[in-house]
Amino acid sequence: MRRTLPALALLAAACPLGYGTPPLYGCTSDDECVRPLTCRGGLCAGETGGGLGSSDGGMGDGGTGGSGGQGGGDGGVVENPVLDFVAVGTITAARCVPATLTLGGAARAHTVTFSSMPAGVTFWADAACTQALPSLTVQPVMLPVTLYIRALTAQGYTVTATSTTVPVPATVTVTVLPIVRSGTCTVPGGVGTVQCPITPQQENLNETFFVYQASGSAMNDYASVATRCTLASASQVVCDRAGTTGEVYVTWQTAEVPGLDVQRADLTCDGSATRTLTFPRAIDPARSFATYAVRQTGAYFSANDAFAATLFDAGVAFTWATACDESATLTAQVVQWPGAVVARATLGVDGGQGSVTSPMLATAQSAFSLATWSTAASIADAPCGSTLRVSVPAARTVAFARGAASACTGPELPRVAYERVDLGARGRVQQVTLDMADGVAMASAVIQPVDPTRTLVLAGGQTGGQGLAMGEGLLETPSAMGDFAATLRLAGNQVIGERKSTRSTSRWSVFVVELSP
């Protein structure tokens, strides 16, 4: 209800006389103030130019400062405009999100600048965050005003809007969630499936891709180490295996990047040597790469387990050296990344050949490489010859090595399919080598500092049913694939690799991918 004031008090509130501070009236809402006053901080107040002025020369319109005759007045009420932010809340890093700014009690334009504490929030004029916004001139008739903010590093920020003509800056708290979320899971002995929570959960699964590594402890029981982990929902990773002997340790990471188009599909083998998996949306192979997860049966990794996979515009073509294991289930993930450049090809590794390098490729900047391959033999025959370490030794090549520089150079690997993913300015890639001697379960390597909230770690070899985990090794006797598979994680300025089986010397090339979307 509007407060009833004596006539003289009403006149004084709207048009105070003299040159001093005008009378102040308490309030709880704008309805209790006489226009043009508004309720600010429990008092009826406004801004210079809001009422009638007074002077020795008479009374005149104070709309522009109040000149009412010779000598002019000082313009009505004292200026007291107020800047406010509407709450922004929690956002995901790299997303361009709106922020709303209001300006109350203003009768003229105010220029506002923006900052954050700590630094890291950027300010933009458009919803795509392409037009930088160092400052903004706000007209009262424009209110409220929408600007856009973005941050890459996950943490809490205080965002501030400041004007030299507004007494108190506007502030708002913004919590930024990480681009990369990570976790660990253990599949205990006797258990086939586990659920691993994602905290905080993903915002958009179609813009989120998933990588993992798994290392099992079972010997001569491939079904118990071949572990398929998938991004089952926005809040959950699910890992499953056909066998249940021993435990499997899993490290996983998700990367939610605005603009990605991520598709996932499953394939069950049917006993043939070639299969094609199609996806509902068209794929641009020049901007896309793929990862694979597999659950399989059997005692040893064999020719019916190892596949080479090639991405094309409608899906993925799979090739085995012999008829595939009918009980195997594959999950393929295709990641289409605008701005990335992906080169792909296939080659063979002959029996007796310990290493091979790809021809020169078109891409040449900040790249990592992924590979799958088929083998002509069982790992029981030559485990050290059936696994490959994938690296990027030069700007435009991909290299493959097996046997850790030993004489273990067989059998034939008839088809190696690889992708070289060049992120350019969208990411910085470091490559390090991890070595574990016989009996050693852990190794580390120093890297240049990275932002862990937006950094992935992975090995490029993904044949073997243990995710992006594979390296090369010396083991020549039958065993599990855990000797060649390492789980990977960041610890400060180091990459840490661990494995569950330690019967031989093994080596990995690890890509550290710091995203800058």
Side-chain angles (χ1 to χ4, degrees), residues 88-99 116 118-124 127-130 148-157 159 174-184 196-213 229 231 233-237 251-264 287-289 291 333-340 366-368 370 421-430 447-458 467-468 488-493 495 510-517:
V88 175
T90 300
I91 65 175
T92 297
R95 291 204 180 282
C96 190
V97 299
S116 72
V121 177
T122 54
F123 303 89
W124 308 87
C129 285
T130 60
Y148 296 86
I149 61 174
R150 186 172 182 260
L152 291 182
T153 298
Q155 60 186 341
Y157 297 89
V159 172
V174 179
T175 301
V176 178
L177 302 179
I179 293 173
V180 171
R181 297 161 205 186
S182 60
T184 62
C196 316
I198 302 173
T199 305
Q201 71 177 31
Q202 307 298 148
E203 185 177 355
N204 186 338
L205 283 182
N206 290 335
E207 295 182 326
T208 303
F209 71 96
F210 171 74
V211 299
Y212 79 100
Q213 297 92 33
C229 294
L231 186 58
S233 70
S235 60
Q236 193 174 82
V237 171
T251 52
W252 59 264
Q253 294 177 291
T254 61
E256 184 168 340
V257 180
L260 295 190
D261 181 8
V262 182
Q263 302 185 71
R264 302 171 186 86
R287 300 287 182 266
S288 303
F289 60 91
T291 67
Q333 172 186 247
V334 175
V335 181
Q336 184 164 298
W337 195 328
S366 184
F368 61 91
L370 310 173
V421 183
D422 182 359
L423 296 178
R426 291 160 183 80
R428 176 172 68 113
V429 179
Q430 301 178 60
I447 59 171
Q448 297 177 15
V450 295
D451 179 351
T453 71
R454 52 188 175 95
T455 301
L456 296 166
V457 287
L458 54 98
L468 290 165
L488 303 169
R489 57 187 172 86
L490 289 174
N493 293 339
V495 173
V510 178
F511 300 107
V512 181
V513 185
E514 184 178 35
L515 304 176
S516 301

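By convention here, the first residue in the shown sequence is residue 1.
Using cut-offs of 30° and 60° on the angle between ring planes, the pair F209 and F289 is perpendicular.
In this structure, the side chains of V180 and T453 stay at 4.5 Å or more apart for every pair of heavy atoms. Looking at R426 and W337, their side chains come closer than 4.5 Å, going by heavy atoms from C-beta outward. Using a 4.5 Å heavy-atom threshold, the side chains of Q263 and Q333 count as separate. With a 4.5 Å cut-off on side-chain heavy atoms, V88 and V159 do not count as touching. Residues V97 and V174 form no side-chain contact, since every pair of their non-hydrogen atoms from C-beta on lies 4.5 Å or further apart.
Here R287 contributes atom CZ and D261 contributes atom CG; the two are 14.0 Å apart, rounded to the nearest 0.5 Å. In this structure, CD on Q253 lies 9.5 Å from CZ on F210, to the nearest 0.5 angstrom. The line from CZ of R428 to OG1 of T455 is 7.5 Å long, rounded to the nearest 0.5 Å. If you take OG1 on T130 and CH2 on W124, they are separated by 7.5 Å, rounding to the nearest 0.5 Å. The SG atom of C96 lies 7.5 Å from the OH atom of Y148; values are rounded to the nearest 0.5 Å. Here S182 contributes atom OG and I198 contributes atom CD1; the two are 11.0 Å apart, rounded to the nearest 0.5 Å.
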* Any chance you could lay out the side-chain hydrogen bond (donor to acceptor under 3.5 Å, both in side chains) test for R454 and S516, step after step, and finish with the verdict? => CA-CA 8 Å; R454 52 188 175 95; S516 301; 3.2 Å; yes
* Asked: Going through the distances and angles, do T254 and Q202 end up as a side-chain hydrogen bond (donor to acceptor under 3.5 Å, both in side chains)?
  -> CA-CA 9 Å; T254 61; Q202 307 298 148; 2.6 Å; yes
* Take C229 and C196, measure what disulfide (SG to SG under 2.5 Å) needs, and give me the verdict at the end. => CA-CA 10 Å; C229 294; C196 316; over 6 Å; no
* **Test side chain to side chain contact (heavy atoms under 4.5 Å, CB included) applied to L458 and F368, step by step** => CA-CA 9 Å; L458 54 98; F368 61 91; 4.3 Å; yes
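Applying the side-chain contact (heavy atoms from CB on, under 4.5 Å) rule to P200 yields the partners L177, R181; only residues at least two apart in sequence or on another chain are considered.
Here the rule is side-chain contact (heavy atoms from CB on, under 4.5 Å) with D451, and of L515, T153, I179 only T153 fits it.
In terms of heavy-atom proximity, A367 sits nearest to D422 at CB-CA, 3.9 Å. Considering every non-hydrogen atom in both L468 and Q213, the closest pair reads O-CG, 2.9 Å. R264 approaches L231 most closely through the heavy-atom pair NH2-CD2, 3.2 Å. In this structure, V429 and S366 approach most closely via the heavy-atom pair N-OG, 2.9 Å. When all heavy atoms of A94 and P258 are compared, the pair lying nearest together is O-CG, 3.5 Å. Between L260 and A255, the shortest heavy-atom distance links the atoms CD1-O, 4.5 Å.
In this structure, the side chain of Q336 does not engage the main chain of V262 through any donor-acceptor pair within 3.5 Å. Judged by distance alone, with hydrogens and angles left aside, the side-chain atoms of T92 form no donor-acceptor pair with the main-chain N or O of R95 at under 3.5 Å. Remark: side-chain polar atoms of T122 are paired, donor with acceptor, to backbone N or O of R150 under 3.5 angstrom.
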